[in-house]
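This is the structure I have questions about; it appears just below.
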Amino acid sequence: MTHPRRLQTTRAFGWAVLALVLIILAVVAVSLVVGVAGFAPGSANFRLIVEGIRLPRALLALLIGGMLAVSGVYMQTLFQNPLAEPYITGVSAGAGLGAVIALGVLPLAFSHLNLLLPACAFAGGMAVTLLLFLLLRDAASSPLKLLLLGIALGTLAASLMAFILIAFPERMLRGALFWLFGSLAGASWWQVGIGTVVLVAGCAWGLLSFRALDALLLGREDAHNLGVNVPRLSRWLLVVATLLASVSVAFAGIVTFVGLVIPHIVRILFGAGHLKLIILSLLCGMALVGIVDLAARQLMPPGEIPLSIITSLIGAPFFILLLLKVRGGGYV
Amino acid sequence: MPRFNAVKWFALAMLLLATALVCAISTAPANAAAAAGNALTQKQEKVTDSLGETFVPRDFQRMVTLAPNLTETVHFLGEFDRIVGVTSYDNYPPEVTELPEVGGYVNPSVEKIVALKPDLVLAFRGNPLPVINKLKELGITVFVLDNPSSLREILEQIEKVAQLIEAPDSARDKIDALRKGLDLREKAIKALPRRPRVLMLACCLAPPFYAAGRGTFIDDLIRLAGGENTFKGKGFAVASAEDIVVADPQYLLLPAPPGDAKYRQEVLAKLRQYSYLAQTTAVKKGRIILIDEDILTRPGPRIFQALEILARELKGVGV
């Protein structure tokens with residue numbers, strides 16, 4: 001795939017960053033103003049609705065988008081494969097499984113321990129990533145193999161999840177749909193706090209090691225020859241990518257395709273260099289999920305539409321286009 | 001130095017975002033949950049919900065109900081006018097359509113609920129836990145009911161709600177009447193020489209056919225009406241063709257859309273398309289018991305109407 005060269009300049013990058021930030025700020029502004037409860041400053045629970053519900057939700061939407069997109073960037077680099085993404089590689093399903101185990105199997109009193117959910121989601125996501133990594137380490141990681149292994153592990157996790165839902169119907173029932181299709185209905189300030197820390201840490205790490213990540217794109221051997229400690233870098237990539245994806249699943253359930261679509265749009269337009277890739281993917285992801293959650297709240301009021309339905313509507317056609325364009329499994 | 005420039009641009013943008021974020025967080029409401037009424041008085045008898053939390057009964061005046069059976073429960077207790085919001089699935093009592101909707105029970109809008117300024121949200125275990133937690137965090141009292149597995153449990157839930165919202169004595173009398181009815185039924189069915197075999201299919205237009213099995217309130221309903229549930233699976237599960245053939249139900253119990261006169265014929269025609277259903281005694285003899293789906297499938301007070309209907313239909317069966 002060729003890159004439109006004129007977008008690869010620093011000036012274009014600058015404008016893109018600025019435009020995205022403005023879009024994000026606009027999305028947040030709109031999120032604060034619109035909603036089924038209307039906008040009536042001065043009404044009794046105006047502050048509660050805007051500051052207790054809309055603002056944390058809008059901010060969490062941005063954080064989820066950023067986490068998924070950056071996680072997608074890292075996974076694609078780690079597996080040296082354009083198809084890697086938290087959803088496709090089964091990490092999201094693993095994290096969802098962890099969350100459902102926390103909800104369904106652990107004693108009820110624990111469901112009030114808000115931190116336990118993200119922790120279990122992280123453990124589930126980590127387990128799947130570790131398995132993928134172990135299974136792929138010896139083999140020359142071909143895109144097809146990764147894709148199939150990811151699908152296999154994802155399906156395995158999803159079926160275990162379904163089994164738990166059936167085995168503990170009295171606890172889960174339809175409430176668990178939340179995990180399977182993604183929703184920000186429970187967004188709250190402590191989640192925004194944790195999400196901010198995780199996202200900032202995840203991005204900072206990538207930005208500090210962008211040269212090593214760029215070297216990895218040349219292949220493991222070449223990266224090694226350039227002085228990169230490839231096993232160490234890979235391990236970090238794994239941990240950071242899983243952390244980002246798992247925390248997002250823990251807070252918002254499984255939101256599909258953001259991790260795949262965003263890095264690709266950015267790479268096609270602005271090239272594969274990690275400095276720009278991470279920054280722009282972060283901002284694009286934020287903007288996309290911000291807009292998607294706005295749609296989730298507003299399209300069918302007062303009911304809400306699960307996020308993944310909307311992201312997949314956008315993501316699936318893009319994915320199909322991508323599959324048709326990637327020839328021979330080469331990195332885009 | 002293109003890279004330095006990129007970093008500069010990014011730093012600028014991040015500064016902007018971070019400023020916005022800090023502004024946002026600093027104006028966040030001080031822990032709303034802490035402000036929520038924790039003032040438990042010792043005098044009154046507390047009511048425990050299915051999450052194990054205790055509540056002090058009160059004369060709640062602005063209730064939001066997050067499932068139709070909960071709305072019907074409050075209506076049964078004679079306190080319908082205290083409800084200020086319901087789900088979009090609610091359709092009983094008819095006046096319910098005039099109340100604001102807060103979304104479906106799987107995807108209610110937190111914002112809409114809060115905007116209604118409820119002093120009590122009645123929820124059940126099928127509502128998403130994150131939504132329940134969020135409401136609590138915002139300082140709203142949320143009472144979470146269980147998914148009942150028998151008519152007696154449904155009665156207990158009605159009683160719990162009556163206690164929680166301090167329903168009038170007339171409501172207690174109605175509950176007592178239901179309980180007496182249940183006790184009488186228990187006695188009456190003990191004396192039955194044989195019980196007609198009944199299979200309840202949750203939906204009946206195409207396979208897989210979901211049937212009500214052990215541990216469902218429908219299973220208990222069939223038992224109390226004097227029947228024997230032929231489906232021995234756990235919960236609502238798929239009844240296989242073999243299951244149906246072996247059990248050979250004498251009656252099929254089906255939820256029906258209310259007020260559809262042609263439905264019986266349509267259903268029979270559909271069921272006859274599947275040989276394993278067509279050869280059951282129920283379908284051969286046309287013994288299809290149709291009960292308004294809202295009455296049959298909602299674990300609320302109207303389930304006792306379903307019990308009367310089913311008991312009447314099963315009485316005097318040629319067993």
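Chain naming here is simple, since letters A, B, ... match the order of the sequence lines and numbering starts at 1 in each. Only heavy atoms go into these numbers, but all of them, side chains included; no hydrogens, no water, no symmetry mates. Keep in mind that this is a model prediction, so the values were computed, not measured.
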Electrostatic pair A:Arg57-B:Glu111, nearest N-O below 4.0 angstrom: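 The answer is no: the pair does not qualify as a salt bridge.
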
Before we go on, tell me: are the rings of A:Phe13 and A:Phe270 under 6.0 Å apart, centre to centre? no

Heavy-atom distances under 4.5 Å only: say whether A:Pro301 touches chain B with side chain, backbone, both or neither.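 Contact with chain B: none, neither part.
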
Looking only at heavy atoms and a cut-off of under 4.5 Å, which of A:Asn45, A:Ile49, A:Leu20, A:Leu32 has the most pairs with chain B? A:Asn45

Report the C-alpha separation of B:Thr65 and B:Glu72 in whole Å, then their side-chain angles, then the decisive distance to 0.1 Å, and conclude whether the side-chain contact (heavy atoms from CB on, under 4.5 Å) test is met. CA-CA 9 Å; B:Thr65 47; B:Glu72 294 186 16; over 6 Å; no

Side-chain donor/acceptor of B:Thr73 to backbone N/O of B:Gly300, under 3.5 Å: no

Under a 4.5 Å heavy-atom cutoff, which of B:Ser109, B:Ser88, B:Gly52 has the most pairs with chain A?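 Ranked by contacts with chain A, first place is B:Ser109.
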
For each of B:Leu116, B:Val102, B:Leu135, tally heavy-atom pairs with chain A at distances under 4.5 Å, and name the one with the top tally.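 Going by pairs under 4.5 Å, I would pick B:Val102.
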
